[in-house]
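Letters A, B, ... mirror the listed sequences (proteins, then strands); counts begin at 1.
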Amino acid sequence: MAARPAGAVAAPPPEELGALHADVLAWYAREARDLPWREPGASAWGVLVSEVMLQQTPVARVLPVWRAWLRRWPTPADLAAAPAGDAVRAWGRLGYPRRALRLHAAAAALVERHGGRVPSDHAVLLALPGVGAYTAAAVAVFAHGGRHAVVDTNVRRVHARLVSGAAQPAPALSAAETALAEALLPEDDATAARWGVAVMELGALVCTARAPGCAACPVADRCAWLRAGAPPAAGPTRRTQRWEGTDRQARGRLLAVLRAADGPVADVDLAVAWPDEAQRSRCLASLLDDGLVVPAAGAAYALPR
DNA sequence: AATGCGTGGAC
DNA sequence: TGTCCAAGCAT
């Protein structure tokens, strides 16, 4: 009997676990959204693109950008052949534009190291730019049917409530949580893959952060949090960072100007977008450092080639 | 381990 | 109206 990590919660016994799987999978079969990257014809590349776009970004905002992206760059080689700046422009207002740059770099790596294909091995995926533990698992599972625990914010919230009895997951992902997610995984690959997407969907549609729809939950009768009387979140609340006047806002404004322009933008035009000279300089320096912006001739800046 | 990193919709 | 939140990653 292997010891569980500190703070770990035991997975249900086999019979209960089987019933839990059945209930969630039946709900998913009934209620799952039709999303283009879930269609049978979707490519592994399409899945990878969707996962990167969905990092911290709502589905509704991703949909139109994903469609345009896949139409323009249907394979990794297509994107790798384009200038990185085109990827940043096509990213539009999805936010966190470094993701566009990393996706472009990932496409180049796929062409150089993997014959232009999206690998199925978790460790190989993890080595790609912009691909962390979650995205590597998601691609291995959703694109290739592998058996891995897919642990995103939705899954963490479902597990916190359903199994651990807490209103919210801990601020950071722990080894105990990963171990729990693995212990909950169905045995065979195909079922495990559907389980992963089904739990995510349950978290996204029913077991939501605010105002969870417990009345519509297929496993409400098994929920440790409901059984405990749905206690409110314990512990200190994350203090939210202000937005007005931050470097993030400044970077966003500067990059928006560059995205909107066909070519290089003069420094004086960037100054209109962000008049504070010290902060503008600092943010331009960080954008250059990130590779999101490159210097151009004559006190100007541009998106990268 | 804690921060920095965009954007906009919902309440 | 301001706060919270959305399929995280890199450092």
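As rounded to whole Å, 12 Å separates atom P of C:dA6 from atom CG of A:Leu205. For the pair A:Arg242 CZ and C:dT1 C1', the interatomic distance rounds to 18 Å; values are reported in whole Å. With rounding to whole Å, A:Tyr134 atom OH is found 12 Å from C:dA6 atom C1'. The interatomic distance linking A:Gln168 (CD) with C:dC5 (C1') rounds to 11 Å, in whole Å. Between the CG atom of A:Asn154 and the P atom of C:dA7 there is a distance of 4 Å, given to the nearest Å. Rounded to whole angstrom, the span from the CH2 atom of A:Trp66 across to the C1' atom of C:dA7 amounts to 15 Å.
Across all strands shown, A:Val52 has no heavy atoms under 4.0 Å from either base or sugar-phosphate atoms. Contact annotation for A:Ala133: backbone-only contact, meaning every heavy-atom pair under 4.0 Å involves sugar-phosphate atoms and none involves a base. Counting non-hydrogen atoms under 4.0 angstrom, A:Ala138 reaches nothing in the nucleic acid.
A salt bridge is absent between A:Arg72 and A:Asp78; no separation between the charged side-chain nitrogens and carboxylate oxygens falls under 4.0 Å.
Listed by chain and number, the residues in a salt bridge (charged side-chain N to carboxylate O under 4.0 Å, His left out) with A:Arg156 are A:Glu177 (sequence neighbours excluded).
Residues in residues 185-213 of chain A take part in these salt bridge (Lys or Arg N to Asp or Glu O under 4.0 Å) pairs, two or more places apart or across chains: A:Arg33-A:Glu201, A:Arg38-A:Glu201.
With both ends at atom P, the span from B:dC11 to C:dA7 equals 15 Å, rounded to whole Å. Between C:dC9 and B:dG8, the distance separating the two P atoms is 23 Å to the nearest Å.
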Hey, can you pull the donor-acceptor pairs under 3.5 Å for the side chains in residues 290-304 of chain A, sequence neighbours left out?
unit_1	atom_1	unit_2	atom_2	d
A:Asp290	OD2	A:Arg251	NH1	3.0
A:Asp290	OD2	A:Arg251	NH2	2.7

For each nucleotide in nucleotides 4-11 of chain B, reading 5' to 3', give B when a protein heavy atom comes within less than 4.0 Å of its base, S when such contact involves only the sugar-phosphate, and - otherwise. BBBBBB--
Test side-chain hydrogen bond (donor to acceptor under 3.5 Å, both in side chains) on A:Gln55 and A:Tyr134 and set out the steps. CA-CA 10 Å; A:Gln55 291 167 3; A:Tyr134 162 75; over 6 Å; no
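Using modelled atom types, one finds a donor on one side chain and an acceptor on the other under 3.5 Å when comparing A:Ser281 with A:Glu277.
Residues A:His159 and A:Pro169 are not in side-chain contact: their nearest non-hydrogen atoms beyond the backbone lie 4.5 Å or more apart. Side-chain contact between A:Gln279 and A:Trp274: present, with at least one pair of heavy atoms (C-beta onward) separated by less than 4.5 Å.
Summary of the strand contacts: A:Ala204 and A:Gly130 both lie near DNA chain C, and taking for each the nucleotide with the nearest heavy atom, the more 5' one is attributed to A:Ala204.
As a member of the Ile/Leu/Val/Met/Phe/Trp/Tyr network built from side-chain separations under 4.5 Å, A:Val268 groups with nothing else and remains a singleton.
Within residues 22-51 of chain A, the residues that have a heavy atom under 4.0 Å from DNA chain C are, in order of number, A:Arg33, A:Leu35, A:Trp37, A:Arg38, A:Glu51.
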